[in-house]
Amino acid sequence: MKVRQDFILIGGDPALDLLNTEAMRDETPVDLLTDGDSLVRWLRAAGVDAEPGSLMAVKKLRYALRIVIAALADGRTPRRASLELLEEELERGHGSLVLDHRDGKFVVEFETKTRDARYVLARAAATFLATADPSRIRRCGGTNCILFFYDATKSGTRRWCSMAGCGNRMKAALHYQRSKEK
């Protein structure tokens with residue numbers, strides 16, 4: 001079966017978009033990261049400035065991150081053990097603290113010299129986890145959809161990965177069910 005490599009960038013953050021490189025097509029699980037070239041294309045599409053490095057290492061990071069994000073989306077606290085791989089990747093980073101002066105204030109930041117994708121993605125994931133409101137991390141409510149997103153709507157009531165996809169399918173199914181009951 002040939003799979004088109006269309007990337008799903010609806011997560012609201014590269015960490016969630018990385019998870020969404022595993023999706024469902026025609027009720028079949030599909031991995032959109034099939035080789036080094038697809039990883040390069042995804043990094044470019046997601047706006048992640050990194051060297052691709054090892055595809056298997058990125059997939060291992062994606063798996064560990066999925067466990068953490070799924071726990072948060074389900075309202076659970078992630079287990080400490082599920083954060084270990086993420087921490088291991090962060091330890092690989094090399095760089096130094098730099099002092100900058102912006103808008104009349106001094107700012108200290110870690111400037112990395114490590115550019116491989118698994119470190120850059122682990123750092124993006126750690127930043128997301130440290131700054132995101134966990135109650136707004138969601139799983140798509142669509143049938144057989146495994147995508148995640150960050151609900152940035154004002155009302156906090158987003159239910160689907162996209163209205164054009166799962167939202168319309170769910171509304172059509174509900175309409176069909178109601179018309180059958182009449």
### Query
Does Asp151 use its side chain to pair, donor to acceptor, with the backbone of Arg158 at less than 3.5 Å?
yes
### Task
Take atom NZ of Lys60 as the centre, draw a 6.0 Å sphere, and report whether it contains more than 12 heavy atoms from other residues, nucleotides or ligands.
no
Listed pairs under 3.5 Å, donor-acceptor, residues 118-126 side chains, sequence neighbours left out:
| residue | atom | partner | partner atom | Å |
| --- | --- | --- | --- | --- |
| Arg118 | NE | Glu89 | OE1 | 2.9 |
| Arg118 | NE | Glu89 | OE2 | 3.4 |
| Arg123 | NH2 | Phe110 | O | 3.2 |

#### Entry: Gap separating the CD1 atom of Ile10 from the CG atom of Leu16, nearest 0.5 angstrom
8.0 Å
### Query
If you draw a 6.0 Å radius around CZ in Arg79, do more than 12 non-hydrogen atoms from other residues or ligands fall strictly inside?
no
### Task
Taking all non-hydrogen atoms of both residues into account, name the closest pair between Leu147 and Glu22 and its distance.
CD2-O, 3.8 Å
### Query
Could you state the interatomic distance from OH (Tyr150) to CZ (Arg138), rounded to the nearest 0.5 Å?
9.0 Å
### Task
Return yes if some donor-acceptor pair links the side-chain N/O of Arg136 with the main-chain N/O of Thr153 below 3.5 Å, else return no.
yes
#### Entry: From CZ (Arg92) to OG1 (Thr112), nearest 0.5 Å
10.0 Å
### Query
Would you say the side-chain atoms of Ser82 pair up with the backbone N or O of Pro78, donor to acceptor, closer than 3.5 Å?
no
### Message
Once rounded to the nearest 0.5 Å, what's the spacing between atom CE of Met24 and atom CD1 of Ile146?
### Response
6.0 Å
### Donor + acceptor pair across side chains of Ser135, Asp133 (<3.5 Å)
yes
Under 3.5 Å, which donor-acceptor pairs link side chains of residues 42-54 to any protein atom two or more places apart or in another chain?
| residue | atom | partner | partner atom | Å |
| --- | --- | --- | --- | --- |
| Ser54 | OG | Met56 | N | 3.4 |
| Ser54 | OG | Ala57 | N | 3.1 |

### Query
CZ of Phe149 to OG of Ser162: how many Å apart, nearest 0.5 Å?
10.0 Å
### Message
With a 4.5 Å cut-off on side-chain heavy-atom distances among I, L, V, M, F, W and Y, is there a chain of contacts connecting Leu90 to Leu85?
### Response
no
### Message
Test side chain to side chain contact (heavy atoms under 4.5 Å, CB included) on Val68 and Leu86; report intermediate values, then the result.
### Response
CA-CA 10 Å; Val68 173; Leu86 187 60; 5.7 Å; no
### Task
State plainly whether one hydrophobic cluster holds both Leu99 and Leu97, where clusters connect Ile, Leu, Val, Met, Phe, Trp and Tyr through side-chain heavy atoms under 4.5 angstrom apart.
yes
### Task
Output, in order, the C-alpha distance, side-chain angles, deciding distance and verdict of side chain to side chain contact (heavy atoms under 4.5 Å, CB included) for Leu32 and Arg25.
CA-CA 11 Å; Leu32 301 177; Arg25 292 235 169 98; 3.8 Å; yes
### Task
Return yes if some donor-acceptor pair links the side-chain N/O of Asp31 with the main-chain N/O of Leu33 below 3.5 Å, else return no.
yes
### Message
Under 4.5 Å between side-chain heavy atoms, counting indirect links through other Ile/Leu/Val/Met/Phe/Trp/Tyr residues: same cluster for Ile67 and Leu19 or not?
### Response
no
### Over all atoms of both residues, closest heavy-atom pair of Ala15 and Asp13
N-OD1, 2.9 Å
#### Entry: Ile69 CD1 to Ile137 CD1 distance, which is reported to the nearest 0.5 Å
4.5 Å
### Side-chain (Asp17) to main-chain (Gly11) donor-acceptor, under 3.5 angstrom
yes
### Query
Does CG in Asp26 sit with more than 12 non-hydrogen atoms of other residues, nucleotides or ligands closer than 6.0 Å?
no
#### Entry: Non-hydrogen side-chain atoms of Thr21 and Leu39 separated by less than 4.5 Å
no
### Task
Ignoring hydrogens and angles, tell me if any N or O in the side chain of Asp74 forms a donor-acceptor pair with the backbone of Arg76 under 3.5 Å.
no
### Query
Hey, does the side chain of Asn20 reach the backbone of Phe148 with a donor-acceptor pair shorter than 3.5 angstrom?
yes
